[in-house]
Amino acid sequence: PEAITIQELANRMSERAVDVIRMLMKQGAMHKITDVIDADTAQLIAEELGHTVKRVAASDVEEGLFDAVDDSTDTEPRSPVVTVMGHVDHGKTSLLDALRHANVVSGEAGGITQHIGAYQVSSPETGKKITFIDTPGHAAFTAMRARGAKVTDIVVLVVAADDGVMPQTVEAINHAKAARVPIIVAINKIDKPDAKPERVRTELLQHEVQVESFGGDVVDVEVSAKNKTNLDKLLEMIALQAEILDLKTNSHRPAEGTVIEAKLDRGRGPVATVLVQRGTLHVGDIIVAGAEMGRVRALISDQGETVQEAGPSVPVEVLGFNGPPEAGDRLAVVENEARARQITSYRAHQKRENAAASISGMRGSLEQMMS
Ligand code: GTP
Ligand code: MG
């Protein structure tokens with residue numbers, strides 16, 4: 001059954017919530033502003049207040065939000081988005097740090113770089129940019145994949161040469177394969193005396209990752225994040241793979257993207273790290289992601305700098321959401337606040353229903369267990 005809060009109903013009609021409550025009271029029901037009333041009651045109230053009611057289906061609410069199917073306007077080249085995955089402690093973050101620092105212009109502005117888990121690095125050879133996403137325990141990637149979001153073009157699989165293929169290495173391989181994303185293997189920690197890169201290659205073979213020296217087509221690079229060994233080569237291999245993928249986009253359209261992570265910051269309010277995937281996100285844009293909406297108040301780059309806009313493949317911190325969305329939520333820019341409210345209130349309602357359904361489902365199974 002469809003339902004709506006009294007506040008939301010009042011908002012949509014541009015009426016005062018107290019007037020809605022008064023109408024309900026006339027019908028003998030006491031309500032608070034946050035109460036949810038069913039769609040039939042809402043319709044009655046709306047009509048009594050002189051509004052015409054048009055009920056919408058899910059398809060209407062979400063329609064046109066993501067026209068991913070129409071990619072005919074995607075003609076500009078864009079940077080590849082690379083997700084760094086691998087077993088705990090194999091050196092994902094160290095590798096990313098090394099790649100970034102090899103790159104940071106001397107005297108980095110302000111010196112403080114936000115850790116947003118997503119960065120752009122430019123290739124020393126070509127100057128072309130590569131977007132990296134770090135995955136602590138790759139929970140974020142799993143969440144995103146579970147929700148059908150495709151954010152990554154290439155997976156860099158980090159395997160420590162002294163530890164070899166471990167459970168989360170295998171998980172990462174499976175994720176990459178399921179998403180049909182090409183893998184580049186970074187055999188890390190080759191500076192260690194007990195490093196056995198050849199053993200890593202053999203173990204990878206057992207999981208159907210066949211590197212070139214074994215006759216396969218997966219590129220592997222021996223690196224040391226600690227000593228900054230072969231980092232240029234890794235960047236080169238990524239650039240090469242990206243060229244093959246021939247990634248295109250359209251930056252001249254309202255932004256679409258995916259929430260990488262989001263939190264409630266004490267000082268700044270809800271902060272979401274968003275990877276823009278198509279179009280350009282601007283300060284002032286009205287945005288929706290999952291059941292949250294807002295107006296972009298500020299955009300902060302991976303360098304910790306305030307920017308006015310962010311184009312395709314660019315990761316940014318987005319300030320201005322009314323509440324933190326969830327990792328994996330798709331972000332879209334909509335034409336006005338009314339549309340944003342319509343979408344998010346619909347989704348919030350869906351979410352509540354799903355939660356209620358799963359609770360009653362749980363009860364059901366509990367009862368079954370007891371009997
Ligand atoms: P999680 O995010 O917890 O999954 O770990 P991670 O994969 O990001 O590993 P992290 O970069 O935190 O590195 C783990 C440890 O390995 C740290 O103590 C690093 O200093 C060390 N380490 C990383 N890369 C290298 C390397 O190339 N050589 C050596 N000797 N140590 C390294
Ligand atoms: Mg890490």
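Whatever order the structure lists ligands and atoms in, that order sets their numbers, starting from 1.
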Visitor: Which option out of Lys189, Lys228, Lys192 puts a heavy atom nearest to atom 32 (C) of ligand 1?
Guide: Lys189
Visitor: Does any N/O atom on Leu95 come nearer than 3.5 Å to any N/O atom on ligand 1?
Guide: no
Visitor: Tell me, with the steps shown, if Ser79 and Ser313 meet side chain to side chain donor-acceptor pair (under 3.5 Å).
Guide: CA-CA 6 Å; Ser79 312; Ser313 296; 5.0 Å; no
Visitor: Heavy-atom contacts with Ser224 under 4.0 Å: which atoms of ligand 1 show up? List them by number with element.
Guide: 27 (O)
Visitor: Can you give each donor-acceptor pair under 3.5 Å made by side-chain atoms of residues 209-220, sequence neighbours left out, with the distance rounded to 0.1 Å?
Guide:
| unit_1 | atom_1 | unit_2 | atom_2 | d |
| --- | --- | --- | --- | --- |
| Gln210 | NE2 | Phe214 | O | 3.0 |
| Asp220 | OD2 | Arg201 | NH1 | 2.6 |

Visitor: My understanding is that we take every heavy atom of each candidate and find the minimum distance to atom 14 (C) of ligand 1. Doing that for Asp134, Leu96, Asp89, which one comes out nearest?
Guide: Asp89
Visitor: I'd like to check which ligand 1 atoms, numbered from 1 as shown, lie under 4.0 Å from a non-hydrogen atom of Asp191.
Guide: 26 (C), 27 (O), 28 (N), 29 (C), 30 (N)
Visitor: Ligand 1 versus Asn188, non-hydrogen atoms closer than 4.0 Å: side chain, backbone, both, neither?
Guide: side chain
Visitor: If only atom types and distance count, is the side chain of Lys32 paired as donor or acceptor with the main-chain N or O of Ile21 below 3.5 Å?
Guide: no
Visitor: Examine all N, O or S atoms of Thr93, backbone included, and report whether one is under 2.8 Å from the Mg ion (ligand 2).
Guide: yes
Visitor: For ligand 1, which atoms have a heavy atom of Lys226 less than 4.0 angstrom away?
Guide: 26 (C), 27 (O), 28 (N), 29 (C), 30 (N)
Visitor: Any nitrogen or oxygen of Val223, main chain or side chain, under 3.5 Å from a nitrogen or oxygen of ligand 1?
Guide: no
Visitor: Using every non-hydrogen atom in the two residues, find where Ser224 and Asn188 come nearest and quote the distance to one decimal.
Guide: CA-OD1, 3.6 Å
Visitor: I need the atoms of ligand 1 closer than 4.0 Å to a non-hydrogen atom of Ser94, numbered in the order shown.
Guide: 10 (P), 11 (O), 13 (O), 19 (C), 23 (C), 24 (N)
Visitor: For Glu15 and His51, does a side-chain donor sit closer than 3.5 Å to a side-chain acceptor?
Guide: yes
Visitor: Give the minimum heavy-atom separation between Asp302 and Gln120, together with the two atoms involved.
Guide: OD2-N, 2.6 Å
Visitor: With distance as the sole criterion, is a donor-acceptor pair present between the side chains of Gln350 and Arg347 under 3.5 Å?
Guide: no
